[in-house]
Visitor: 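Before I ask anything, let me first share the structure, which is written out below as structure tokens.
The sequence lines fix the lettering, A, B, ..., with proteins before strands; numbering per chain opens at 1.
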Number of protein chains: 2
Amino acid sequence: MGVIPEPTIERLLLLTRFLENCGKTVVTSSEIEARTGWSSNTIRKDISCLSGELSSGNGYAVDSLKAAIESSLGLKEPRKCCVVGLGRLGSAYLNFPGFEADGFNIIAGFDSSVNRVEILQSPVTLYPAFKMGEVITRFKIELALLCVPAATAQIAADKLVAAGIKGIVNFAPASLHVPANVTVRNVYVVDELRALSARLPKE
Amino acid sequence: MGVIPEPTIERLLLLTRFLENCGKTVVTSSEIEARTGWSSNTIRKDISCLSGELSSGNGYAVDSLKAAIESSLGLKEPRKCCVVGLGRLGSAYLNFPGFEADGFNIIAGFDSSVNRVEILQSPVTLYPAFKMGEVITRFKIELALLCVPAATAQIAADKLVAAGIKGIVNFAPASLHVPANVTVRNVYVVDELRALSARLPKE
DNA sequence: CCATGTGAATGCGTTCACAGCC
DNA sequence: GGCTGTGAACGCATTCACATGG
């Protein structure tokens, strides 16, 4: 059953959120279509990429389906994460309570300002930036939230890559240059607004 | 020249960020390939969707290229935006300085807690949630940053749609149900981490 | 000669249509 | 009857290959 296509992965991830919020114990592909806009064909094809008995003829058991997605996509294993750049956004994430429930553990924060590292109150250990390589390697941190300004984003990304990071969520408006074995997800609010703008009907 | 394919729009948006940061006045498609990972073929095809004389034989003038993208995607016109939900994230965006430079004006903030609306310090006018419809219609607000908890995201989205909003950036882990003429962009940090997880080599 | 631009070929994801099952 | 699952058809985006221009 080969590799799962990228768009399918993306939909399956969103589907788990739908399953969490739908409040039902069984759903059919048509119900999902009605709520998400994806055709029931697409949804069934997506689900057929998963393994296991998921349907008993009509409808999918919500719990099993959710579990199957999480297991197929490798979401079950806990992942160690760090926050790089402790400005307004970065320090917000240090205190954000939503990570644990999905198995993500923020275990370190980094900032180039030693002063800030010492002053900030935080539930996770903070380090000056020059310790990034050592700490990431030592704790086997896999993922990073990159919250530094655009001007220093590439430099920080280079350090993360050198330390063996596997994936980066990039909050800076910069297009990062990383090797093929490192995945980057760009999350910049203004770019999302621009993406919306680009889809508005032009008059 | 026909409609621009979705993936091309996405790349062109990221390309402008690259152009802003590359520090050169002329770039070739191969240079872009080396930095972004997209093939030079793809990039030239993308650029061919734009209109105007962009190349003089070798390389693109960075400024003209950036301008052409912005104009073709309709990014030049200023857009009115609002923030819905003034918790930690929402109030951070009220004070975020990066919107203006790209022509986005945050002109209203909404929260269901009247108390919070009265107490919060903010550079933009705040309103209680029940005024959403009226204010959005009156000021012709086109885009919304939806920063409410997952549990109330759909309800808030319904109100936005009823008020005539054109696009929503959804920060809640909820899959929103909106009519086809409204675009939604989902931006949830934990989902980005999950997307990275799903792409890590499974052992 | 190197870089752009573009019709043609390829490949991949979506859509279709129907067989199988409860 | 309604729903799932899947091979086959389709369509669109990427890739290729080459003609064009400085």
Side-chain angles (χ1 to χ4, degrees), chain A residues 1-15 18-19 22 24-69 72-73 180 195 198-199, chain B residues 1-15 18-19 22 24-69 72-73 180 195 198-199:
Chain A
M1 102 186 18
V3 78
I4 305 181
E6 291 286 312
T8 292
I9 294 181
E10 222 63 39
R11 279 191 301 269
L12 287 174
L13 287 167
L14 283 171
L15 184 54
F18 169 78
L19 295 174
C22 71
K24 310 184 70 172
T25 85
V26 173
V27 286
T28 66
S29 54
S30 332
E31 285 165 353
I32 301 176
E33 167 171 350
R35 295 286 304 183
T36 64
W38 307 318
S39 86
S40 64
N41 286 307
T42 301
I43 290 155
R44 291 202 302 278
K45 256 282 203 283
D46 287 350
I47 291 176
S48 78
C49 294
L50 309 175
S51 40
E53 272 307 303
L54 294 167
S55 164
S56 56
N58 56 353
Y60 301 93
V62 169
D63 287 347
S64 330
L65 182 51
K66 185 161 173 294
I69 296 174
S72 285
L73 297 187
R199 285 169 181 81
Chain B
M1 148 171 335
V3 78
I4 304 180
E6 292 285 314
T8 293
I9 294 181
E10 223 63 40
R11 280 190 300 269
L12 287 175
L13 287 167
L14 283 171
L15 184 54
F18 169 78
L19 295 174
C22 70
K24 312 184 68 172
T25 85
V26 174
V27 286
T28 67
S29 54
S30 332
E31 285 164 354
I32 301 177
E33 167 171 349
R35 295 285 304 184
T36 63
W38 307 317
S39 85
S40 64
N41 287 307
T42 301
I43 291 155
R44 292 201 302 278
K45 255 283 202 283
D46 287 351
I47 292 176
S48 78
C49 294
L50 310 175
S51 39
E53 272 308 304
L54 294 167
S55 163
S56 56
N58 57 350
Y60 300 93
V62 169
D63 288 346
S64 329
L65 182 52
K66 185 161 174 291
I69 296 174
S72 286
L73 297 187
R199 286 169 180 79

Visitor: Calculate the interatomic distance between E33(B) atom CD and dC16(D) atom P; express it in whole Å.
Guide: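 Result: 10 Å.
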Visitor: Taking CD from E31(B) and P from dA3(C), how many angstroms apart are they, rounded to a whole number?
Guide: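 Atom CD in E31(B) sits about 8 Å away from atom P in dA3(C).
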Visitor: Distance check, rounded to the nearest 0.5 Å: L19(B) atom CG versus D63(B) atom CG?
Guide: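 It is 9.0 Å, given to the nearest 0.5 Å.
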Visitor: Salt bridge check: are E10(A) and R199(B) linked by an N-O gap of less than 4.0 Å?
Guide: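 Judged by the 4.0 Å cut-off on N to carboxylate O distance, E10(A) and R199(B) do form a salt bridge.
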Visitor: Compare side-chain N and O positions of S39(A) against OP1 and OP2 of dT15(C) and report whether any pair is under 4.0 Å apart.
Guide: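 Yes, S39(A) has a side-chain N/O under 4.0 Å of OP1/OP2 on dT15(C).
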Visitor: Mind listing the N/O atom pairs, protein and nucleotides 7-10 of chain D, below 3.5 Å?
Guide:
unit_1	atom_1	unit_2	atom_2	d
dG7(D)	O6	K45(A)	NZ	3.0

Visitor: Set out, line by line, the N/O atom pairs under 3.5 Å between protein and nucleotides 17-22 of chain C.
Guide:
unit_1	atom_1	unit_2	atom_2	d
dA17(C)	N6	N41(A)	OD1	3.1

Visitor: Report yes if a side-chain nitrogen or oxygen of T42(B) is closer than 4.0 Å to either non-bridging phosphate oxygen (OP1 or OP2) of dT15(D); otherwise report no.
Guide: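 Checking T42(B) against dT15(D): at least one side-chain N or O falls below 4.0 Å of OP1 or OP2.
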Visitor: Quick check for you: among dA13(D), dG13(C), dT14(C), whose closest atom lies nearest to any side-chain atom of T8(A)?
Guide: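 Of dA13(D), dG13(C), dT14(C), dT14(C) is nearest to the side chain of T8(A).
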Visitor: To the closest 0.5 Å, what do you measure between OH (Y60(A)) and CZ (R44(A))?
Guide: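 Rounded to the nearest 0.5 Å, the OH-CZ separation comes to 6.5 Å.
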Visitor: Does the side chain of N58(A) reach to within under 4.5 Å of the side chain of T28(A), using non-hydrogen atoms?
Guide: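 Contact flag for N58(A)/T28(A) side chains = no.
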Visitor: Could you work out which one of dT14(D), dG5(D), dT4(C) sits closest to the side chain of R11(B)?
Guide: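 When the side chain of R11(B) is considered, dT14(D) is the closest of dT14(D), dG5(D), dT4(C).
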Visitor: For a quick check of understanding: with a heavy-atom distance under 4.0 Å over all strands, which category does S29(A) fall into, base, sugar-phosphate or nothing?
Guide: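 If one applies the 4.0 Å heavy-atom cut-off, S29(A) turns out to touch the sugar-phosphate alone, with no base involved.
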Visitor: Output the rounded distance in Å from CD1 (I4(B)) to P (dA13(D)).
Guide: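 So the two atoms are 12 Å apart, to the nearest Å.
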Visitor: For D46(B), run the side-chain contact (heavy atoms from CB on, under 4.5 Å) check against L12(B), N41(B), I9(B) and tell me which one passes.
Guide: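 Of the listed options, the one satisfying the test is L12(B).
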Visitor: Measure CG/L12(B) against P/dT14(D) and give the value in whole Å, please.
Guide: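 Nearest whole value for this atom pair: 11 Å.
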Visitor: In whole angstroms, how far is the P atom of dG13(C) from the CD atom of E6(B)?
Guide: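 Between P of dG13(C) and CD of E6(B): 17 Å.
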Visitor: With rounding to the nearest 0.5 Å, note down the distance linking CD1 in I69(B) to CD1 in I47(B).
Guide: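 I69(B) atom CD1 to I47(B) atom CD1 measures 6.5 Å (nearest 0.5 Å).
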Visitor: Whole Å only: how far is the CG atom of L65(B) from the C1' atom of dT4(C)?
Guide: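 In whole Å, dT4(C) C1' lies 13 Å from L65(B) CG.
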Visitor: Respond yes when some side-chain nitrogen or oxygen of T28(B) is under 4.0 Å from OP1 or OP2 of dA3(C), and no when none is.
Guide: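 Checking T28(B) against dA3(C): no side-chain N or O falls below 4.0 Å of OP1 or OP2.
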Visitor: For C22(A) versus V62(A), what's the shortest heavy-atom pair and its separation?
Guide: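 For C22(A) and V62(A), the tightest heavy-atom pair comes out as SG-CG2, 4.3 Å.
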Visitor: Between D46(B) (CG) and dG5(C) (C1'), how many Å, whole number?
Guide: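 The answer, rounded to whole Å, is 13 Å.
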Visitor: Measure across E33(A) and I43(A) and return the closest heavy-atom pair with its distance rounded to 0.1 Å.
Guide: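 For E33(A) versus I43(A), the nearest heavy atoms are N-CD1, 3.7 Å.
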Visitor: Using whole Å, report how far CG of L50(B) lies from C1' of dT4(C).
Guide: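 Going from L50(B) (CG) to dT4(C) (C1'), I get 14 Å.
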Visitor: Roughly how far, to the nearest 0.5 Å, is OG of S64(B) from NZ of K66(B)?
Guide: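 Going from NZ on K66(B) over to OG on S64(B), the span is 11.5 Å.
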